[in-house]
K.L.:
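Could you have a look at this structure, given as structure tokens, before my questions?
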Amino acid sequence: MPQAIISPSVLASDFGQLTAECKRMIKGGAEWLHMGIFLHFVPNITMGAPILKCVKKGIPDIFMDCHMMVAEPEKWVDDIADAGGALYCFHIEATKTPLPLIQAIHAKGMRAGVAISPDTPSTAISDEVGTAADMLLVMTVYPGRGGQKFLERCVPKVAELRTRFPEKDIEVDGGVGPSTIETCAHAGSNVIVAGTAIFGSSDPEQVIATLKASVNAAQAKIKASRS
């Protein structure tokens with residue numbers, strides 16, 4: 001049964017205290033930190049490898065879940081690996097050669113993720129690509145900025161991927177919080193990205209615990225249904 005993993009999105013954090021914010025999330029129960037990296041693929045710019053390297057220096061055991069919303073994701077594998085990235089997730093829409101890219105990511109010692117945007121069907125991730133990847137990401141908002149409304153129409157894609165890949169890490173990103181977690185979890189997502197819902201809460205530890213409990217309950221139900 002896939003493990004429940006909470007990956008707070010640092011785009012909702014105080015960038016002036018980024019390392020401290022990451023430490024606060026880890027102390028509160030987060031397994032990963034979601035680093036949204038924008039360049040050309042979306043109309044915005046965020047952080048790059050130098051920022052990740054600083055965070056890694058301050059928190060040597062951090063798991064940086066690097067969501068690469070970039071054009072030509074092949075260009076940035078070495079930089080992100082050298083900066084301490086643990087997972088490199090690229091968009092299927094941004095490359096014509098996903099399998100060689102996954103191989104290059106693995107060669108640098110990182111896990112490989114494959115993401116799809118809201119208008120991309122889950123079938124864009126072939127069985128071959130999905131099997132080679134370590135994680136699959138379904139965007140539940142349009143990539144490029146935080147604070148958007150959750151798009152429930154994307155949820156069936158999670159269920160379709162979970163049917164094909166029963167033991168794979170499947171992540172959702174965008175508008176996820178206590179009010180939408182049940183929908184995501186029961187569709188089969190076990191890796192939860194949440195930004196505003198966690199960083200904007202007066203009790204982020206409780207939000208993380210709530211999200212994790214929902215995923216664990218849903219995964220147990222899914223497992224029981226297969227027995």
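Just so you know, residue 1 is the first one in the sequence shown, and it goes up from there.
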K.L.:
Got Val77 and Phe90 here, is their nearest side-chain heavy-atom distance under 4.5 Å?
P.N.:
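The answer is no, as the side chains (C-beta and beyond) never meet within the 4.5 Å cut-off.
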
K.L.:
Can you measure from CE (Met135) to CD (Glu171) and round to the nearest 0.5 angstrom?
P.N.:
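If we round to the nearest 0.5 Å, Met135:CE and Glu171:CD are 3.5 Å apart.
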
K.L.:
Please report the interatomic distance CG(Leu211) to CG(Asn216), rounded to the nearest 0.5 Å.
P.N.:
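Going from the CG atom of Leu211 to the CG atom of Asn216 covers 11.0 Å.
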
K.L.:
Closest approach of Lys23 and Gly58, non-hydrogen atoms and distance?
P.N.:
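In terms of heavy atoms, the two residues are closest at CE-O, 3.6 Å.
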
K.L.:
Taking all non-hydrogen atoms of both residues into account, name the closest pair between Lys212 and Glu31 and its distance.
P.N.:
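Where Lys212 meets Glu31 most closely, the heavy atoms are NZ-OE2, 2.5 Å.
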
K.L.:
From the options Ile170, Val138, Thr140, select the one residue that forms a side chain to side chain contact (heavy atoms under 4.5 Å, CB included) with Lys157.
P.N.:
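Per the side chain to side chain contact (heavy atoms under 4.5 Å, CB included) rule, the option paired with Lys157 is Val138, out of Ile170, Val138, Thr140.
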
K.L.:
Start with the C-alpha gap between Thr95 and Glu74, add the side-chain angles, then the distance that decides, and say whether side chain to side chain donor-acceptor pair (under 3.5 Å) holds.
P.N.:
CA-CA 8 Å; Thr95 183; Glu74 296 83 0; 2.4 Å; yes

K.L.:
For Ala132 and His106, work out which heavy atoms get closest and say how close.
P.N.:
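Scanning both residues completely, I find the closest heavy atoms to be O-CE1, 3.3 Å.
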
K.L.:
To the nearest 0.5 Å, what is the distance between OG1 on Thr183 and CD1 on Ile181?
P.N.:
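These two atoms lie 9.0 Å from each other.
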
K.L.:
Please tell me if the side chains of Asp169 and Leu136 come closer than 4.5 Å, counting only heavy atoms from C-beta onward.
P.N.:
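No. Closest side-chain heavy atoms not under 4.5 Å.
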
K.L.:
If you define the side chain from C-beta out and look only at heavy atoms, does anything of His91 sit under 4.5 Å from Met68?
P.N.:
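They are not in side-chain contact.
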
K.L.:
Looking only at the side chains, is there a donor atom on one of Asp14 and Gln17 sitting less than 3.5 Å from an acceptor on the other?
P.N.:
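Distance-only check passes for Asp14 and Gln17.
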
K.L.:
For Arg162 and Asn190, run side-chain contact (heavy atoms from CB on, under 4.5 Å): C-alpha distance rounded to whole Å, both residues' side-chain angles, the deciding distance at 0.1 Å, then the answer.
P.N.:
CA-CA 10 Å; Arg162 178 56 71 205; Asn190 69 296; 3.1 Å; yes

K.L.:
Return the CD1 to CE distance between Ile62 and Met25, rounded to the nearest 0.5 Å.
P.N.:
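It is 11.5 Å, given to the nearest 0.5 Å.
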
K.L.:
What pair of heavy atoms forms the shortest contact from Ala133 to Val114, and how long is it?
P.N.:
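Shortest heavy-atom separation between Ala133 and Val114 comes out as CB-CG2, 3.8 Å.
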
K.L.:
Does the side chain of Lys108 reach to within under 4.5 Å of the side chain of Asp82, using non-hydrogen atoms?
P.N.:
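With C-beta onward as the side chain, the pair touches.
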
K.L.:
Which pair of heavy atoms, one from Glu160 and one from Ser122, lies closest together, and at what distance?
P.N.:
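Heavy atoms only, the tightest pair is OE1-OG, 2.8 Å.
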
K.L.:
Rounded to the nearest 0.5 Å, what separation is found between the CG atom of Asp127 and the CZ atom of Arg164?
P.N.:
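So the gap between those two atoms works out to 5.0 Å.
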
K.L.:
Check Val207, Ile192, Ile198, Val193 against Pro8 for a side chain to side chain contact (heavy atoms under 4.5 Å, CB included) and give me the one that passes.
P.N.:
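With Pro8 as partner, Val207, Ile192, Ile198, Val193 yield a single side chain to side chain contact (heavy atoms under 4.5 Å, CB included), made by Ile198.
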
K.L.:
Determine the minimum heavy-atom distance between Cys22 and Val55, stating which atoms define it.
P.N.:
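Scanning both residues completely, I find the closest heavy atoms to be SG-CG1, 4.2 Å.
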
K.L.:
Might you work through the salt bridge (charged side-chain N to carboxylate O under 4.0 Å, His left out) test for Arg153 and Asp119, ending with a clear yes or no?
P.N.:
CA-CA 10 Å; Arg153 63 180 171 82; Asp119 295 335; 3.5 Å; yes

K.L.:
Using a distance-only test with no angle check, is there a side-chain donor-acceptor pair under 3.5 angstrom linking Gln206 and Ser201?
P.N.:
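The criterion, which ignores hydrogens and geometry beyond distance, is not satisfied for Ser201 and Gln206.
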
K.L.:
Whether the side chain of Thr97 engages the backbone of Pro100 through a donor-acceptor N/O pair (distance < 3.5 Å, no angle test) should be reported.
P.N.:
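Judged by distance alone, no pair lies under 3.5 Å.
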
K.L.:
Does atom CD of Glu128 have more than 12 heavy-atom neighbours, drawn from other residues, nucleotides or ligands, at distances under 6.0 Å?
P.N.:
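No, not enclosed.
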
K.L.:
Which distance, rounded to the nearest 0.5 Å, do you find between the CG of Leu99 and the OG of Ser126?
P.N.:
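Rounded to the nearest 0.5 Å, the CG-OG separation comes to 6.5 Å.
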
